[in-house]
Amino acid sequence: MTPTTETGALFLQPDRNLALELVRATEAAAIRAQPWVGRGEKNLADGAAVDAMRKFLGTVNFDGVVVIGEGEKDNAPMLYNGEHVGNGHGPACDIAVDPIDGTSLTAAGRQNAISVMAVSDRGSMYDPSAVFYMDKIAAGPEGRGVLDLDKPIGDNIRALAKAKDKDIEDMQIAVLDRPRHDELIRAIRATGAGTRLLLDGDVAGGISAALPGSKIDMCVGVGGTPEGIITACAIKALGGVILGKLQPKDDEEREKAIAAGHDLDKVLDQDDLVTGDNTFFVATGVTDGVLVDGVRRSRGVIHTDSLVLRSRSNTIRRIQADHRAEKWF
């Protein structure tokens, strides 16, 4: 029988999964950052990760342009917006990248620091035009058509609990632990649901909310727009949902956003943040966390743990690798 669906065609003629090459870059960034874990030097950790990621990206067979380059908002080391990466051959792609999502976590030796990258077809990633923050809500497939960013958090928790056939008391909601979220946290707990407070890095929280079997049911709150776009690439592979609304931090940023044509009242979903169905997401742990384990060194071997997602094939891969330390240090 001849398959007629795209899935069937992929089975007969599988195309390259670019993420399986890109994971080498996140592994390199995580390995180079590892010596700085707990040393209190977040920019030195970030700089080491950026340098390693840039070098490895240069070997990948693709024509990539960095659309979302983390670092500009705090003058940290970065892969900058508009930078071309890859060897210039192969598919033309947009890239959203954060060599370390959680530099402060790395510096303090805390959990959930990851090296992360998301890739999609050229021209498919949303351009936030220097609006660095957005209000977000993310969940798994049960949240599609159920969550509403304009509704109170209590309504969303109750609706998702019903869709997941869970008691509200069993719901766990991830939110960044920030003063701006004090009222949100109180409202979540008032429903009877529990909170998972994130010290930093809401990419891991958003993706965990969409992963099958995760202990986190939803991720909410104001976080980075770059992180939102990276998360959207992963969530498209997981069949989940992310909703976001731009949140300018001051009047100047608001005016820039309006001048760029952004509707600040519009709720953006995963298909607005990343169009098309061919997204890749890779993350390698720097420190242990909810998504992946951190880098470990023992007896001349470096161990890495990575998560690799692709939307076209809806695959979830976990890649564990051992590297000879003498090749790195």
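Just the heavy atoms: all of them, side chains too, but no hydrogens, waters or symmetry mates, feed the values below.
Counting only heavy atoms from C-beta outward, the side chains of Y133 and L246 never approach each other to under 4.5 Å. Put simply, the side chain of N87 does not reach to within 4.5 Å of the side chain of V60, judged on heavy atoms. Residues L184 and V222 are not in side-chain contact: their nearest non-hydrogen atoms beyond the backbone lie 4.5 Å or more apart. In this structure, D98 and V203 have side chains that are not in contact, with every pair of non-hydrogen atoms separated by 4.5 Å or more. Using a 4.5 Å heavy-atom threshold, the side chains of I188 and I157 count as touching. Contact annotation: the side chain of V67 never approaches that of N81 to less than 4.5 Å [non-hydrogen atoms, C-beta and beyond]. H181 is listed as a side-chain neighbour of R178, based on a closest heavy-atom distance under 4.5 Å.
The existence of a salt bridge linking K164 and D217 is confirmed by a sub-4.0 Å separation between a basic side-chain nitrogen and an acidic carboxylate oxygen. The pair K136-E227 does not count as a salt bridge, with every side-chain nitrogen at least 4.0 angstrom from each carboxylate oxygen. A salt bridge does not link D305 to R296: none of the charged side-chain nitrogens sits closer than 4.0 Å to a carboxylate oxygen. The residues D135 and K245 are annotated as not salt-bridged, no charged nitrogen and carboxylate oxygen being separated by less than 4.0 angstrom. With respect to R324 and E326, a salt bridge is recorded, a charged nitrogen being found less than 4.0 Å from a carboxylate O.
Residue V65 comes nearest to H84 through the heavy atom pair CG2-CE1, 3.3 Å, listed as atom of the first residue, atom of the second, then distance. Between A237 and N314, the shortest heavy-atom contact is O-ND2, 3.2 Å. Closest approach of E27 and A321 over heavy atoms only: OE2-CB, 3.7 Å.
Side-chain contact check for H303 and D322: at least one donor-acceptor pair (N or O, by modelled atom type) lies under 3.5 Å. Remark: the S115 side chain and the T26 side chain contain no N/O donor-acceptor pair separated by less than 3.5 Å.
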Q: Evaluate side chain to side chain donor-acceptor pair (under 3.5 Å) for T195 paired with R189, printing each intermediate quantity in order.
A: CA-CA 7 Å; T195 54; R189 291 171 175 169; 3.0 Å; yes

Q: Give the C-alpha distance, both sets of side-chain angles, the deciding distance and a yes or no for side-chain contact (heavy atoms from CB on, under 4.5 Å) between Q247 and V131.
A: CA-CA 7 Å; Q247 296 283 309; V131 180; 5.8 Å; no

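For R110, the CZ atom is loosely surrounded, since the number of other residues' heavy atoms within 6.0 Å does not exceed 12. By the 6.0 Å contact criterion, CZ on R39 is open, its count of non-hydrogen atoms from other residues, nucleotides or ligands being 12 or less. When the shell of 6.0 Å around NZ of K256 is examined, it contains 12 or fewer heavy atoms from other residues, nucleotides or ligands. Annotation: D250, atom CG; neighbour count of heavy atoms from other residues, nucleotides and ligands within 6.0 Å is above 12.
In this structure, M117 is not a member of the same hydrophobic cluster as I114, with clusters built from ILVMFWY side-chain heavy atoms closer than 4.5 Å.
Under the 30°/60° scheme for interplanar angles, the aromatic rings of H323 and W328 are found to stand perpendicular.
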